[in-house]
Each structure stands twice: as C-alpha cells, then as structure tokens.
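To start, the structure itself, in structure tokens.
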There are 2 protein chains.
Amino acid sequence: MSDDLRGLNDLDRLIHEPARLLIVTILSTAASADFLFLQREAGLTRGNLSAHLSKLEEAGYVKIEKTFKGKLPLTVCKLTAKGQKAYVAYRQQMQSFMDKTG
Amino acid sequence: MSDDLRGLNDLDRLIHEPARLLIVTILSTAASADFLFLQREAGLTRGNLSAHLSKLEEAGYVKIEKTFKGKLPLTVCKLTAKGQKAYVAYRQQMQSFMDKTG
DNA sequence: GCAATGCGGTTTGTATTGCAAACTAGTTTG
DNA sequence: CAAACTAGTTTGCAATACAAACCGCATTGC
C-alpha cells in the first residue's frame with residue numbers, strides 16, 4: 001500500500017466542513033433555496049446556517065439574494081458556477097480516496 | 001430531493017480531519033507503522049503528525065509505543081479495535097452520502 | 001395604544017482547532 | 001568540544017464552529 005493518498009491534504013476545507021457540504025449538496029440539486037428550507041433540510045440552527053452561508057458567499061460559492069415575502073424578509077441562496085465546480089471537484093477527490101482505499 | 005443527508009452532521013470529526021483520515025487509513029492497512037514512515041507517507045510535518053497522533057491516542061483510536069531502534073527513539077503506532085471500528089463507521093457514512101447524492 | 005410574542009435572520013462570546021515555528025533531548029560527525 | 005543531525009514535543013496564534021444573545025419588524029392579546 002503505497003498509493004498516493006496525500007491528495008486528501010488538498011481537500012477544499014470550505015466544502016469539507018460537514019454542515020457546508022450539506023448546504024452545498026442541497027443547493028446543487030435545488031437550483032435555489034430559501035433560508036428556512038435550508039435550515040430544515042440541513043438540520044442547522046439559524047445562527048449556524050447564517051454563518052456558514054456568509055462564509056460560502058465570501059468564497060464566491062453561493063449567491064445570496066435578500067427580498068421580501070409579503071412583509072417578511074426572505075433570503076434566497078443559489079450555488080454559483082464556481083461553487084458548483086468546487087463541489088464537483090470535492091466529490092471527485094473524496095470518491096477517488098474511497099475507491100483507492102475500498 | 002428530500003433524502004436524509006443530515007447524517008453528515010454526525011460524522012466523527014476526529015476522523016473527518018483530512019490529516020487524521022490519512023493517518024488512520026494508513027494504519028488500517030499497515031498493522032503497525034513508525035513515526036517517520038507515517039510522516040513520509042502522509043506528507044505531514046513532524047509537529048503536525050505528533051499533535052494528530054496525540055489526539056488519536058487520547059481518543060483511544062491508536063496505541064503508541066515508544067521504544068528504541070539502536071540508540072534512537074522509535075515511536076510505533078497501531079490502530080486499536082476502537083479506532084478500526086470508528087474508521088469503518090466513518091467510511092460507511094461517507095460512502096452512504098456519496099451514494100445518495102451520486 | 002402598547003406590552004408580549006413570533007419571525008427571519010445576524011452578531012457576539014468562547015472554547016477548540018490546525019498549523020508553523022521554536023524547542024528538547026540525545027547522537028553522531030568534524 | 002562544538003556543530004549538525006535525529007526524532008519527536010511544545011508553544012503561539014490565527015481561524016474555526018457552535019450556542020446564545022441580540023435585532024428590527026409584524027402580529028396578537030388586552
């Protein structure tokens with residue numbers, strides 16, 4: 001076993017974080033999702049979700065649009081092309097690891 | 001897509017950390033490995049490897065034996081049964097995630 | 001009319017991390 | 001005996017992740 005597994009060390013930490021992996025995964029299949037949908041689906045507290053979304057936005061992985069639903073704020077999130085690409089790359093690296101060490 | 005992906009939130013963070021995932025993976029196939037072998041194989045600095053091993057030992061995932069090779073210190077590491085179990089569980093969760101979102 | 005409650009989030013506080021750089025203890029080399 | 005090497009450990013610090021407190025606005029109870 002001298003396979004080159006060191007690729008693990010290059011994993012995108014932003015996506016590697018489970019909560020964010022979850023968020024990005026959901027967004028990757030949903031085209032767009034509002035804050036509360038994400039919260040329920042991911043099982044995160046509002047505070048946590050907010051912080052993680054900010055981080056993903058900062059990285060340019062998601063785009064966040066704030067509008068209103070009637071009179072209440074509504075936050076809608078989308079994966080950007082960059083985010084999609086990073087997600088695909090992450091999956092590919094992780095699957096490659098799983099395959100090599102199966 | 002309303003699959004239950006929230007399992008990700010229960011991932012064992014100790015193993016999820018890439019450096020440690022690498023270490024544990026190597027140990028899982030090597031039966032036993034000395035410090036320098038691990039360092040080379042995992043591509044970690046000595047400081048980092050030392051810190052991660054301590055953490056894994058604290059958790060009872062690896063057993064560390066300090067002996068001598070001639071007159072030089074030699075640190076030998078093994079995965080414990082507990083560590084092996086945690087590793088298998090981690091892989092299973094991660095693979096399950098990959099499969100569900102393939 | 002106005003306190004209390006609820007909604008949709010954001011900010012703050014804190015304890016934990018992961019890493020690099022400095023350090024230690026002993027050994028060999030010049 | 002001084003300098004350099006081996007095999008690690010400890011330290012310092014910036015960056016996390018999470019919970020809890022907070023915020024502005026809207027509605028409800030009285």
First locate atom CG of L21(A), then atom CD1 of I26(A), and finally report the distance between them rounded to the nearest 0.5 Å. 9.5 Å
Pairs flagged by salt bridge (Lys or Arg N to Asp or Glu O under 4.0 Å) wherever residues 60-75 of chain B is involved - sequence neighbours left out: K63(B)-E65(B)
Length of the line joining L14(B):CG and dT16(D):C1', which is rounded to integer Å: 16 Å
Starting at atom CG of L22(A), determine the distance to atom C1' of dA17(D), rounded to an integer number of angstrom. 15 Å
Which ones in residues 47-59 of chain A lie close to DNA chain D, meaning a heavy atom under 4.0 Å from one of its atoms? G47(A), N48(A), H52(A), K55(A)
Do the ring planes of H16(B) and Y90(B) sit parallel (below 30°), tilted (30 to 60°) or perpendicular (above 60°)? tilted
Tell me the interatomic distance from E17(B), atom CD, to dT16(D), atom P, rounded to whole angstroms. 13 Å
Atom-pair distance (CG on L74(A); C1' on dC25(D)), nearest Å: 15 Å
Can you tell me how far apart CG (L8(A)) and OG1 (T25(B)) are? Round to the nearest 0.5 Å. 6.5 Å
How many Å lie between CZ on R46(A) and C1' on dA20(D), as a whole number? 11 Å
Closest approach of N9(B) to G43(A) (non-hydrogen atoms, all atoms of both residues): ND2-O, 4.4 Å
Shared ILVMFWY cluster between V76(A) and L53(A), side chains joined below 4.5 angstrom? no
With hydrophobic residues grouped by side-chain heavy-atom distances under 4.5 Å, do I64(A) and L74(A) end up in a single group? no
Contacts of R20(A) and P73(A) projected onto DNA chain D by closest heavy atom; the upstream (5') one is R20(A)
Quick one: how far along DNA chain C does chain A reach, first to last nucleotide 5' to 3', anything under 4.0 Å to a heavy atom? dC7(C) to dC19(C)
Result for 5'-nearest mapping on DNA chain D, choosing between R13(A) and L72(A), is R13(A)
Which whole-number value in Å describes the distance from F68(A) CZ to dT27(D) P? 12 Å
In one Ile/Leu/Val/Met/Phe/Trp/Tyr side-chain cluster, 4.5 Å: V88(A), L11(A): no
Rounded to the nearest 0.5 Å, how far does CG of L79(B) lie from OH of Y87(B)? 9.0 Å
